[in-house]
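When a residue number appears, it is its place in the shown sequence, counting from 1. In this text, all values refer to a predicted model and were calculated from it rather than measured experimentally.
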Amino acid sequence: MTTRPHRNFYGRIKGKTLKDSQRTYLAEDLADLSPGPVSWDDNPERTPLDLDALFDGKPAWLEVGFGGGEHLVHQAAQNPDVGIIGAEPYINGVAMLLGKIRRAGVTNLAVHPGDARDLMDVLPPASIARAFLLYPDPWPKARHHRRRFVTPEHLAPLARVMKPGAMLRVATDIPDYVRQTLEEVPKQGFDWTAETAADWRIPWDDWLSTRYEQKALREGRTPHYLTFVRRG
């Protein structure tokens, strides 16, 4: 049996009381959207997920920390020829996503309501063609920077599951998060694609501005859009 690692988790799991409709979504929809056995209790041997079976052979994308799910559903609707897995431990965000999925009628999504590290354990090597890290928790205090996603603990397994040539998109409004991202992501086998300042100041052509970005703009912070390509 694979030894279960000790992993500290930082951040919210649950917020305000869920609405009746949100509890209904969780009860009726979440299980059917599972990508397969992810948790250590359900998959102690860490057997890789069968993404070809899950998405009928379509390319697989991954969004880490999808917040309220608006970008995830937008990408699924715009790209019916891919399958997208979203990972998010905040159950209120998961419930919001499920409502959006119902309203949009998209069927090419899978949802892991938990730690992305557990999911990446069981994703096959070189199986993800595109990944998104959008407005991740900034952990602004210096002593908390090790909690950020852009650390080896998270980036090394992400690099393992991404295909050579796969794209990683990172959006953040925190300048120091940009600094750490540009320092740490290339160390894990990624190249930053920017050639001019406009490449990180202008959003992607298929971008849907999230509620987190709108909050940042209202509060006078500048979004940054970073694109990396997995070497291989």
Hey, quick one: are [X] and [Y] part of the same hydrophobic cluster, counting side-chain heavy atoms closer than 4.5 Å, chains of contacts allowed?
{"X": "Val106", "Y": "Leu72", "value": "yes"}
{"X": "Val229", "Y": "Met162", "value": "no"}
{"X": "Val178", "Y": "Ile174", "value": "yes"}
{"X": "Leu134", "Y": "Leu208", "value": "no"}
{"X": "Leu33", "Y": "Val73", "value": "yes"}

Exercise: identify the closest heavy-atom pair between [X] and [Y]:
{"X": "Gly68", "Y": "Lys100", "answer": "O-NZ, 3.0 Å"}
{"X": "Leu49", "Y": "Pro35", "answer": "CD2-O, 3.8 Å"}
{"X": "Pro48", "Y": "Pro124", "answer": "CB-CG, 4.2 Å"}
{"X": "Gln188", "Y": "Ala159", "answer": "O-CB, 3.4 Å"}
{"X": "Leu54", "Y": "Ser34", "answer": "CD1-O, 4.0 Å"}
{"X": "Pro80", "Y": "Asn108", "answer": "CA-ND2, 3.7 Å"}

Are side-chain heavy atoms of [X] and [Y] found at a separation under 4.5 Å?
{"X": "Pro164", "Y": "Arg231", "result": "no"}
{"X": "Leu217", "Y": "Asp173", "result": "no"}
{"X": "Val111", "Y": "Leu97", "result": "yes"}
{"X": "Thr181", "Y": "Phe228", "result": "yes"}
{"X": "Ser127", "Y": "Lys163", "result": "no"}
{"X": "Leu226", "Y": "Leu182", "result": "yes"}
{"X": "Asp29", "Y": "Ile101", "result": "no"}
{"X": "Glu63", "Y": "Phe66", "result": "yes"}

Output the distance between atom [atom1] ([X]) and atom [atom2] ([Y]), rounded to the nearest 0.5 Å.
{"X": "Ile85", "Y": "Trp61", "atom1": "CD1", "atom2": "CH2", "result": "13.0 Å"}
{"X": "His224", "Y": "Thr172", "atom1": "NE2", "atom2": "OG1", "result": "8.0 Å"}
{"X": "Ile91", "Y": "Leu98", "atom1": "CD1", "atom2": "CG", "result": "8.0 Å"}
{"X": "Asn43", "Y": "Arg46", "atom1": "CG", "atom2": "CZ", "result": "5.0 Å"}
{"X": "Asp199", "Y": "Trp192", "atom1": "CG", "atom2": "CH2", "result": "8.5 Å"}
{"X": "Arg211", "Y": "Glu70", "atom1": "CZ", "atom2": "CD", "result": "6.0 Å"}

Charged N-O contact under 4.0 Å between [X] and [Y]:
{"X": "Lys187", "Y": "Glu183", "value": "no"}
{"X": "Arg102", "Y": "Glu28", "value": "yes"}
{"X": "Arg169", "Y": "Asp206", "value": "yes"}
{"X": "Arg117", "Y": "Asp115", "value": "yes"}

Using side chain to side chain donor-acceptor pair (under 3.5 Å) as the criterion, point out the one residue from Glu153, Gln180, His154 that pairs with Arg148.
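Of the listed options, the one satisfying the test is Gln180.
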Decide side chain to side chain contact (heavy atoms under 4.5 Å, CB included) for Tyr177 and Phe149; before the verdict, give the C-alpha distance in whole Å, the side-chain angles of both, and the deciding distance to 0.1 Å.
CA-CA 10 Å; Tyr177 207 103; Phe149 189 90; 3.7 Å; yes
Could you tell me whether Glu195 atom CD has more than 12 heavy atoms of other residues or ligands within 6.0 Å of it?
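For Glu195, atom CD is not crowded (no more than 12 foreign heavy atoms under 6.0 Å).
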So, the side chain of [X] versus the backbone of [Y]: is there a donor-acceptor pair under 3.5 Å, distance only?
{"X": "Arg201", "Y": "Pro223", "value": "no"}
{"X": "Glu88", "Y": "Tyr90", "value": "yes"}
{"X": "Thr193", "Y": "Thr227", "value": "yes"}
{"X": "Asp121", "Y": "Val38", "value": "no"}
{"X": "Asp118", "Y": "Ser39", "value": "no"}

Partner set under ring-ring contact (aromatic ring centres under 6.0 Å, His included) for Tyr225, not counting sequence neighbours:
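By the ring-ring contact (aromatic ring centres under 6.0 Å, His included) rule, Tyr225 matches Trp204, Trp207.
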His112: partners by ring-ring contact (aromatic ring centres under 6.0 Å, His included), with sequence neighbours left out:
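For His112, no residue satisfies ring-ring contact (aromatic ring centres under 6.0 Å, His included) once neighbours in sequence are set aside.
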For Glu184 and Thr151, does a side-chain donor sit closer than 3.5 Å to a side-chain acceptor?
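No, because no side-chain N or O of Glu184 sits under 3.5 Å from a partner of the opposite role on Thr151.
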Less than 6.0 angstrom from the centroid, inside 45 degrees of the normal: does Arg230 satisfy that with respect to the ring of Phe190?
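Here Arg230 passes the 6.0 Å and 45° test against Phe190.
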Leu133 and its side-chain contact (heavy atoms from CB on, under 4.5 Å) partner, picked from Val64, Leu62, Leu155, Leu158:
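Running side-chain contact (heavy atoms from CB on, under 4.5 Å) over Val64, Leu62, Leu155, Leu158 with Leu133 returns exactly one hit, Val64.
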Using the side chain to side chain contact (heavy atoms under 4.5 Å, CB included) rule, take Thr47 and Val122 through it: C-alpha gap first, then chi angles, then the decisive distance, then the call.
CA-CA 6 Å; Thr47 302; Val122 295; over 6 Å; no
Kindly state whether the ring of Phe132 and the ring of His71 have centres lying under 6.0 angstrom apart.
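Yes: the rings meet the under 6.0 Å criterion.
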